[in-house]
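Let me begin by presenting the structure, written as structure tokens, before commenting on it.
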Protein chains: 2
Amino acid sequence: MFIDNLIEKIKEKNNPTVVGLDPKIDYVPNFIKEEMFEKYGANLKGAAEAILKFNKILIDSLYDIIPAVKPQLAYYEMYGIEGIKVFYETCRYAKEKGLICIADGKRNDIGPTAEAYSSAFLGKTKIDENIDEAVYDVDALTVNPYLGIDGIKPFVNDCAKYGKGIFVLVKTSNKSSGQIQDLLTHEGKSIYEKVAEYVNDWGANVIGKYGYSNVGAVVGATYPNQAKILRKILKNAYILVPGYGAQGGTARDVAHSFKSDGLGAIVNASRSIMCAYKDEQWKGIYTEDRFNEASRAEALRMKEDINQAISL
Amino acid sequence: MFIDNLIEKIKEKNNPTVVGLDPKIDYVPNFIKEEMFEKYGANLKGAAEAILKFNKILIDSLYDIIPAVKPQLAYYEMYGIEGIKVFYETCRYAKEKGLICIADGKRNDIGPTAEAYSSAFLGKTKIDENIDEAVYDVDALTVNPYLGIDGIKPFVNDCAKYGKGIFVLVKTSNKSSGQIQDLLTHEGKSIYEKVAEYVNDWGANVIGKYGYSNVGAVVGATYPNQAKILRKILKNAYILVPGYGAQGGTARDVAHSFKSDGLGAIVNASRSIMCAYKDEQWKGIYTEDRFNEASRAEALRMKEDINQAISL
């Protein structure tokens with residue numbers, strides 16, 4: 001099942017991080033962009049093909065040191081049908097390389113519609129009597145809890161049936177996340193605390209052999225104090241932590257999301273790894289044509305940074 | 001701009017309803033399904049082509065009496081890349097027929113990612129310096145407010161720049177919507193009331209000539225008492241009302257979302273119109289091969305039902 005596989009990959013690589021594949025065309029090195037624009041034109045197809053090549057080279061350069069990738073659906077949808085093809089190909093390629101693939105889509109809707117989303121990403125789509133087909137077949141999906149259990153249950157059902165996972169937004173990393181998530185209820189609890197309690201309930205029947213549930217939570221690195229509180233409330237949830245690096249979260253900040261056994265959280269970085277070749281720290285060492293080496297160096301630096309902070 | 005166009009179409013057709021195009025393969029009449037499975041196989045492609053044909057015949061049968069359609073993205077994503085092509089083709093076809101096209105995707109994310117979603121649905125995607133391309137280019141998109149203004153602002157920017165619209169989830173139609181949305185804050189307001197106040201702010205700078213904003217709200221027909229309260233709070237927001245018909249909301253229930261001038265809301269029905277040919281009320285009159293006439297009859301019945309309730 002998802003959460004057991006994730007934990008085993010994290011242990012095997014000794015690396016509790018995930019690389020976000022959020023490929024804006026501006027992130028792609030010029031030589032790849034030019035090659036693909038030449039071949040397919042400076043259009044959605046050319047951009048999508050450039051991104052696919054970029055993603056594959058990144059995966060080649062990282063797969064032996066990281067447990068998982070997290071493609072962000074928005075960055076594929078923005079290139080239309082060609083972008084969705086690249087999302088699909090990227091997921092397939094990552095899985096072939098033994099990586100766990102977490103689709104970041106923050107999907108949400110009423111029950112029957114959430115069921116359709118779950119069929120798309122986690123389960124199977126019914127074609128006809130006795131015919132169904134897996135579609136994107138990723139390992140896990142991020143979801144938004146605003147509609148309550150009705151909108152979550154179909155995903156949880158597929159977590160049970162197909163051994164998949166979800167991560168429910170609890171406290172997001174952005175500045176204005178408090179507008180709703182920090183509101184205090186009349187009983188004195190914040191919305192993010194209430195949602196964390198729901199996450200415990202929602203995931204109670206899909207717990208794996210290491211005591212963690214296929215229903216995880218998203219808690220931003222940018223809110224370390226809230227992370228401390230949430231780590232205590234979330235009994236069995238693995239925490240997916242965005243906001244490290246480019247968004248300002250430090251290794252010390254993310255350490256709050258881990259349990260004392262060094263498990264319990266997986267930290268995402270996207271831009272800092274994809275664009276490492278543009279970063280002050282690496283661009284003197286690696287030229288643009290060696291962008292993959294810069295990404296690998298940054299991924300290893302991040303791993304060490306976080307492992308050290310956890311071990312303190 | 002979106003909201004002005006929508007209001008003009010509603011007035012022109014004298015019809016404050018929108019047809020949800022949420023095409024599960026089970027909704028498609030057998031003769032279409034068989035034709036397409038024969039041609040393309042009983043697979044995702046065959047299912048997607050069957051849905052496209054179904055959608056087009058429905059649109060042909062309805063476009064002169066309805067102002068808008070609302071394709072639900074989940075039901076296209078579940079057929080993979082082929083499904084997304086059908087979503088695109090359906091939107092194009094609806095717009096060619098003069099219909100407003102509202103994509104129901106409930107998208108949400110942190111700022112830069114919300115920007116990517118907005119580029120996909122409302123704005124344009126940057127390909128290179130001085131080259132950008134519209135992608136799905138629908139008229140409006142539903143969005144989820146859980147991340148606060150950061151996750152909404154990029155959409156609002158494109159509402160202003162491209163004359164598009166969004167509908168923010170406020171109080172959803174499903175049973176468990178209260179788990180988060182009904183929680184009372186310590187100041188005695190519910191979350192849905194707080195979100196409604198945000199919607200007023202978020203839409204304050206994109207108000208059209210009829211006094212309504214390009215930033216609307218979603219309020220379910222299944223919660224008429226909350227709709228009464230929300231109609232008062234939401235100063236300039238058009239309300240998109242799901243939950244009429246199959247989900248149990250009546251015309252009297254939805255009437256609360258309208259203002260006294262008969263404007264201010266648009267009521268969605270999906271299954272009751274798409275599957276009218278299966279309904280007790282119509283199946284004795286229209287055989288399956290005349291499914292489009294059944295849908296038209298139901299759409300006209302719904303229009304009368306709601307217009308009558310509003311005029312009371």
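All values derive from a computational prediction rather than experimental measurement. Lettering follows sequence order; numbering is per chain, from 1.
For A/Asp26, the part sitting under 4.5 Å from any heavy atom of chain B is the side chain, from C-beta outward, and nothing else. Contact of B/Pro112 with chain A is made through backbone and side chain together, with heavy-atom distances under 4.5 Å. In this structure, chain A has a heavy atom under 4.5 Å from the side chain of B/Lys33, while its backbone stays farther away. Of the two parts of B/Thr172, only the side chain, counted from C-beta on, holds a non-hydrogen atom closer than 4.5 Å to a non-hydrogen atom of chain A. In this structure, chain B has a heavy atom under 4.5 Å from the side chain of A/Phe37, while its backbone stays farther away. For a residue to count as touching a neighbouring chain, one of its non-hydrogen atoms must lie under 4.5 Å from one of that chain's; by this rule B/Lys85 touches chain A with backbone and side chain alike. Residue contact with chain B, scored on non-hydrogen atoms closer than 4.5 Å, involves the side chain of A/Gln247 exclusively. With a 4.5 angstrom heavy-atom cutoff, A/Tyr117 touches chain B via backbone and side-chain atoms both. Neither the backbone nor the side chain of A/Val28 comes within contact range of chain B; no heavy atoms are under 4.5 Å apart. At a 4.5 Å heavy-atom cutoff, the contact between A/Asn144 and chain B is made by side-chain atoms alone. With a 4.5 angstrom heavy-atom cutoff, B/Tyr136 touches chain A only via side-chain atoms. Residue A/Leu183 touches chain B through its side chain alone, counting heavy-atom pairs closer than 4.5 Å. For B/Ile25, the part lying under 4.5 angstrom from a heavy atom of chain A is the side chain only.
For the pair A/Arg107/B/Glu77, a side-chain contact is recorded, criterion being any heavy-atom separation below 4.5 Å from C-beta on.
Ranked by heavy-atom pairs under 4.5 Å with chain B, the list A/Asp150, A/Asp22, A/Ile110 is led by A/Asp150.
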